[in-house]
Chemist: 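Below are the structure tokens for one structure; questions will follow.
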Protein chains: 2
Amino acid sequence: MSADRLSTTFSALADPTRRAILARLASGETTVNDLAAPFEMTLPAVTKHLKVLERAGLITRGREAQWRPCRLAAQPLRDVAEWVEQYRLYWEQRFDRLERYLDELQQEKANVRKTAKYTERSKRRTRT
Amino acid sequence: MSADRLSTTFSALADPTRRAILARLASGETTVNDLAAPFEMTLPAVTKHLKVLERAGLITRGREAQWRPCRLAAQPLRDVAEWVEQYRLYWEQRFDRLERYLDELQQEKANVRKTAKYTERSKRRTRT
DNA sequence: TGGTTAATTTACCATATAGTAAAATACAGA
DNA sequence: TCTGTATTTTACTATATGGTAAATTAACCA
């Protein structure tokens, strides 16, 4: 299901064979046979992977005699980059928090050593 | 199958419901019921989505009385960002650095070859 | 204790995905 | 026109995915 653009893109990227194909195409246009060579799977299987990539707009295909050259199309990758960038702020901020938390733990440890007293630790985090 | 980390992450992200859940969690930890509220699907369906996200390491879950608070875990998103950033060089025509990255990628390709399901396939592919 | 709320598990269904082998198509060139 | 090469299509299989309804577990509360 989930036929939206981004889902189709992520779905196409969720396979190591297909990502390897994209990596290969990043260094230049090539044929189906050439793309298939590194993999221990049949040619029809590779054809299917190419269809998935094409449907996701990650590759385009030409026609040259009996070859069907494939080339990388970057727009969906740009969309992925844009999507994931939204979260960069989150994980950067979260790492700040983590660092602060670890500092607090160190401080607490020191205090425990000093006062020889265990205070209530690990309070349940409240929602929101 | 493709159980490698990045494939699991992309696969988890290839669903608009799950991406919406992540977006909600970016603004704070919350419960399953709260997460489920915006969607026209049953609670078990949401539970399944959460399992997918948890298995991909995109969320972690706590226990607070009868609630299982979920929170965003950003590391897989960082990995996605890192992966896709390599292609920015491509769409910005920075081929020099991209080629260095492609060299590094050869070992991933080797992994794919190793984990291929059918090992007996005969394939005297003579093309380079 | 029993009732309520939160969430998961179970059992099931429909559809999608990833692969195969074998046949078919498309084109080049002698 | 016949042959070889490149690629796809067809038909089939096994497994994964995303959903449901109903039952179950877990914890709080009166």
Side-chain angles (χ1 to χ4, degrees), chain A residues 1-4 7-21 29-56 58-71 124 126-127, chain B residues 1-4 7-21 29-56 59-71 112-113 115-128:
Chain A
M1 298 298 163
S2 41
D4 67 289
S7 294
T8 304
T9 303
F10 279 129
S11 185
L13 295 177
D15 182 286
T17 301
R18 287 194 291 262
R19 290 198 307 277
I21 288 173
E29 180 172 323
T30 191
T31 67
V32 178
N33 257 307
D34 190 21
L35 287 173
F39 306 109
E40 292 205 344
M41 69 178 64
T42 60
L43 220 44
V46 173
T47 293
K48 279 194 177 183
H49 283 305
L50 293 177
K51 273 180 184 288
V52 172
L53 289 170
E54 190 177 21
R55 189 168 166 278
L58 283 159
I59 64 171
T60 60
R61 317 196 60 183
R63 188 154 227 163
E64 205 176 315
Q66 68 266 53
W67 294 276
R68 307 295 310 278
C70 304
R71 52 190 163 286
R124 281 288 176 210
T126 52
R127 285 183 300 286
Chain B
M1 290 295 162
S2 42
D4 69 287
S7 294
T8 304
T9 303
F10 279 129
S11 186
L13 295 177
D15 182 287
T17 300
R18 289 195 289 263
R19 291 197 306 279
I21 288 173
E29 181 174 321
T30 191
T31 66
V32 178
N33 258 305
D34 190 20
L35 287 173
F39 306 110
E40 291 202 345
M41 67 180 65
T42 61
L43 218 44
V46 173
T47 293
K48 279 193 176 183
H49 283 304
L50 294 177
K51 273 179 185 290
V52 173
L53 291 170
E54 190 176 21
R55 188 168 168 281
I59 65 171
T60 60
R61 320 195 58 183
R63 189 154 225 163
E64 200 178 324
Q66 68 267 51
W67 295 276
R68 307 294 141 80
C70 304
R71 51 190 163 284
V112 171
R113 259 197 300 275
T115 58
K117 188 175 174 183
Y118 293 92
T119 55
E120 205 178 331
R121 165 82 186 148
S122 76
K123 46 178 215 61
R124 289 155 297 144
R125 300 187 211 285
T126 50
R127 291 185 47 87
T128 57

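Since the structure is predicted, the reported quantities are computational estimates derived from the model, not experimental observations. In the text below, chain A, chain B and the rest are named by the order of the sequence lines, each starting its count at 1.
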Chemist: Look at the side chain of A:T31 and decide which nucleotide, out of D:dC28, D:dG18, D:dT7, has an atom nearest to it.
Modeler: D:dT7
Chemist: Out of D:dT8, D:dA27, C:dC27, which nucleotide sits closest to the side chain of A:A65?
Modeler: C:dC27
Chemist: Just the rounded figure in Å: distance from P of D:dT7 to CZ of A:R61.
Modeler: 8 Å
Chemist: Say whether, by atom type as modelled, one donor and one acceptor occur between the side chain of A:R18 and the main chain of A:S11 under 3.5 angstrom.
Modeler: yes
Chemist: Provide, to the nearest angstrom, the distance between the CG atom belonging to A:D34 and the C1' atom belonging to D:dT7.
Modeler: 14 Å
Chemist: Hey, does B:R61 have a side-chain heavy atom less than 4.5 Å from the side chain of B:V32?
Modeler: yes
Chemist: Salt-bridged, B:K48 to B:D15, with N to O below 4.0 Å?
Modeler: no
Chemist: In this structure, how many angstroms lie between the P atom of C:dA6 and the CZ atom of B:R68, rounded?
Modeler: 12 Å
Chemist: Go through the structure and list residues passing salt bridge (Lys or Arg N to Asp or Glu O under 4.0 Å) with A:R71, not counting sequence neighbours.
Modeler: A:E29
Chemist: With DNA chain C as reference, determine whether A:R63 or A:R55 sits nearer its 5' end, using the nearest nucleotide of each.
Modeler: A:R55
Chemist: Closer than 3.5 angstrom, by distance alone: can the side chain of B:R19 be matched with the main-chain N or O of B:L13 as a donor-acceptor pair?
Modeler: yes
Chemist: Give a yes/no answer on whether the side chain of A:R18 brings an N or O atom under 4.0 Å of OP1 or OP2 in C:dT17.
Modeler: no
Chemist: Between C:dT4 atom P and B:W67 atom CH2, what is the distance in whole Å?
Modeler: 16 Å
Chemist: On the nucleotide C:dA7, are OP1 or OP2 found under 4.0 Å from the side-chain N or O atoms that B:T47 carries?
Modeler: no
Chemist: Whole angstrom is fine here: how far is it from CD in B:E64 over to C1' in D:dC28?
Modeler: 13 Å
Chemist: Give a yes or no on whether the backbone of A:G62 and the side-chain of A:R68 come within a donor-acceptor separation of less than 3.5 Å.
Modeler: yes
Chemist: Using a 4.0 Å heavy-atom cut-off to protein, can you give one letter per nucleotide of nucleotides 19-25 of chain D, 5' to 3': B if the base is in contact, S if only the sugar-phosphate is, - if neither?
Modeler: BBBB---
Chemist: In whole angstroms, how far is the P atom of C:dT5 from the CG atom of B:N33?
Modeler: 11 Å
Chemist: Could you check how far CD of A:E54 sits from P of D:dT7, rounded to whole Å?
Modeler: 14 Å
Chemist: Do the side-chain N and O atoms of A:S7 and A:D4 include a donor-acceptor pair separated by under 3.5 angstrom?
Modeler: yes
Chemist: Specify the separation, in whole Å, of atom CD1 of A:I21 and atom C1' of C:dA18.
Modeler: 13 Å
